[in-house]
Amino acid sequence: MSLKSRGELPSRSVISQKWTLLLCVGCFCAGMFFTNRMWAVPESKGITRTTAVEAEKLKLVSEGCDPKTLQQKFVKRDSKDIIGEVHKTHHAIQTLDKTISNLEMELAAARAAQESIVNGSPISEDLQKTESSGRKRYLMVVGINTAFSSRKRRDSVRATWMPQGEKRKKLEEEKGIIIRFVIGHSATSGGILDRAIEAEDKKHGDFLRLEHVEGYLELSAKTKIYFATAVALWDAEFYVKVDDDVHVNIATLGETLVRHRKKPRLYIGCMKSGPVLAQKGVRYHEPEYWKFGEAGNKYFRHATGQLYAISKDLARYISINQHVLHKYANEDVSLGSWFIGLDAEHIDDRRLCCGTPPDCEWKAQAGNACVASFDWSCSGICRSSERIKEVHRRCGEGENALWNAVF
């Protein structure tokens, strides 16, 4: 029993050592196998990428294409492309701006037509022409500010410097000059005052009716509506406002304006800077005097209200922004205030505010014909319906001057 016991112990010990050795060898092999797989993949990918980049660089260098040289070529080519794109973009912006301007004017005309329909007023002949045909380009639109009580003044203007009938139509077609008396409506729509203007317009056909209630304290509002309506009806280079007690030489006015036709945002007139009147009850009282500083201050420079002209871009500006433009008591001050924050050029031309004879007569004889003549003491020609014929005879440019003028 003892011998068998002793013999069995060595055999078990030998078997355990063999299995242990085989197990160790197997573990080592398995470790080597998995170690090689884990490190082989990243190492091969890294080598492949590096080799591809280097091979591409070597290929470029071998062909004489240095990467720095190529980059410079690409920069030059990109610069040319950018300049070309800038020119194209600038041209596209200009085209778009013209398109927007045309749409704005068409929209203004459509609004005027809509307001006429809503208010039950007949659409004017001028507006009907604008809607039915393409817009013709004109040199200027001259709006003569008038009132219901100024029939004699209007007749005196018709008898002197404002062409009538076929001559007025010829003036529009050949010279591109539109002239209209500008008036709104009475507080009682369709009353005797409105009917009188309608009868007068039917006879002469020289009115521009505004969607505006007439009143002396509403001149600033009337001015805004006039420019907005005029720019909607007629595509002109200049828009002029003149009072019905002022004498005007139309040819001289046209020649004066065309000298500045290439300039943008023009505001032309006799520039002045009168006192701000704070005292109530006096003529030209300014209720908002406190906005202009201390007592005794003067207004900013602005054109006197008897006659002034603005270019189309400023008229369009008024049309687009008329609902937010502030109105002061005096119409000429209001107009000047609308342009203060703009890059507008103020042109002070004293020929737009000559005196009546002998002042305008002396200037005409000296070869410096006046555009407009009136008396400062009356803010117009004193007793204009009686005296304007004398002013026209002594200071008028003559009928041939208008038809011979080249604008």
Side-chain angles (χ1 to χ4, degrees), residues 108 111-127 141-158 162 178-234 239-246 248 283-287 304-308 315 318-319 322-323 325-335 337-338 374 378-381 383-385 388:
R111 284 175 177 170
Q114 184 180 16
E115 289 177 358
S116 296
I117 295 172
V118 171
N119 295 323
S121 303
I123 299 177
S124 68
E125 182 181 351
D126 295 314
L127 186 57
V141 175
V142 180
I144 307 172
N145 184 43
T146 191
F148 290 111
S149 59
S150 300
R151 174 63 187 266
K152 290 183 178 180
R153 287 185 180 181
R154 291 192 292 272
D155 286 340
S156 66
V157 169
R158 293 184 181 112
M162 180 181 180
I178 304 289
I179 306 178
R180 295 288 189 276
F181 288 106
V182 180
I183 194 168
H185 297 271
S186 65
T188 306
S189 181
I192 187 172
L193 297 177
D194 290 319
R195 292 199 301 269
I197 293 295
E198 291 169 5
E200 190 178 344
D201 189 25
K202 187 175 182 180
K203 179 180 179 181
H204 298 282
D206 54 5
F207 278 92
L208 171 60
R209 301 298 301 275
L210 304 178
E211 292 301 326
H212 167 75
V213 177
E214 286 290 321
Y216 178 77
L217 298 178
E218 297 298 327
L219 289 178
S220 296
K222 184 177 181 179
T223 300
K224 285 199 299 184
I225 297 172
Y226 159 62
F227 284 118
T229 305
V231 80
L233 293 176
W234 300 289
Y239 297 84
V240 182
K241 177 263 175 182
V242 59
D243 289 338
D244 60 4
D245 56 353
V246 173
V248 180
R283 192 179 184 186
Y284 306 128
H285 165 64
E286 179 58 71
T304 184
Q306 283 79 8
L307 186 147
Y308 50 74
I318 293 174
S319 175
Q322 58 179 308
H323 300 295
L325 294 177
H326 185 69
K327 302 185 297 294
Y328 289 101
N330 299 301
E331 161 251 343
D332 52 355
V333 173
S334 295
L335 184 77
S337 71
W338 300 337
F374 57 91
C378 298
S379 298
I381 299 176
R383 305 189 315 277
S384 63
S385 59
I388 195 170

Least distance between heavy atoms, [X] atom then [Y] atom:
{"X": "Y284", "Y": "S379", "value": "OH-OG, 3.0 Å"}
{"X": "S319", "Y": "V231", "value": "CB-CG1, 3.7 Å"}
{"X": "H326", "Y": "S337", "value": "O-OG, 4.3 Å"}

Practice prompt. List in chain and number order the residues that pass salt bridge (Lys or Arg N to Asp or Glu O under 4.0 Å) with D243, two or more places apart in sequence or in another chain; answer none if no residue qualifies.
Written response: K241
Contact between [X] and [Y] at the side-chain level, heavy atoms closer than 4.5 Å - yes or no?
{"X": "V142", "Y": "V248", "answer": "no"}
{"X": "N145", "Y": "F181", "answer": "no"}
{"X": "I178", "Y": "Y239", "answer": "no"}
{"X": "V141", "Y": "F227", "answer": "no"}

Item to complete: Go through the steps to decide whether K152 and D245 satisfy the test salt bridge (charged side-chain N to carboxylate O under 4.0 Å, His left out), and finish with yes or no.
Response: CA-CA 10 Å; K152 290 183 178 180; D245 56 353; over 6 Å; no
When rounded to the nearest 0.5 angstrom, what distance separates [atom1] in [X] from [atom2] in [Y]?
{"X": "I144", "Y": "L307", "atom1": "CD1", "atom2": "CG", "answer": "10.0 Å"}
{"X": "T223", "Y": "D332", "atom1": "OG1", "atom2": "CG", "answer": "9.0 Å"}
{"X": "R180", "Y": "D201", "atom1": "CZ", "atom2": "CG", "answer": "9.0 Å"}
{"X": "W338", "Y": "Y328", "atom1": "CH2", "atom2": "OH", "answer": "11.0 Å"}
{"X": "Q306", "Y": "C378", "atom1": "CD", "atom2": "SG", "answer": "10.5 Å"}
{"X": "R209", "Y": "T229", "atom1": "CZ", "atom2": "OG1", "answer": "12.0 Å"}

List in chain and number order the residues that pass side chain to side chain contact (heavy atoms under 4.5 Å, CB included) with [X], two or more places apart in sequence or in another chain; answer none if no residue qualifies.
{"X": "L193", "value": "F148, S186"}
{"X": "S220", "value": "K327, E331, S334"}
{"X": "A329", "value": "E286, P287"}

Worksheet item: Does anything in residues 221-232 pair up under salt bridge (Lys or Arg N to Asp or Glu O under 4.0 Å), and if so which pairs, sequence neighbours excluded?
Response: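 Sorted pair list: E214-K222.
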Practice prompt. Only counting residues at least two apart or in another chain, list the ones meeting ring pair (Phe, Tyr, Trp, His ring centres under 6.0 Å) with F374.
Written response: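 Once residues adjacent in sequence are excluded, the partners of F374 under the ring pair (Phe, Tyr, Trp, His ring centres under 6.0 Å) criterion are W376.
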Worksheet item: Hey, mind stepping through I183 and L210 against side chain to side chain contact (heavy atoms under 4.5 Å, CB included) and telling me if it holds?
Response: CA-CA 6 Å; I183 194 168; L210 304 178; over 6 Å; no
Worksheet entry | Sequence-distant partners of T146, side chain to side chain donor-acceptor pair (under 3.5 Å), two or more places apart |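 For T146 the side chain to side chain donor-acceptor pair (under 3.5 Å) partners, ignoring immediate neighbours, are R154, D244.
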Practice prompt. List for me each residue that meets side chain to side chain donor-acceptor pair (under 3.5 Å) alongside R158, sequence neighbours excluded, and say none if there are none.
Written response: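 Side chain to side chain donor-acceptor pair (under 3.5 Å) check on R158 returns D155, E200, D206.
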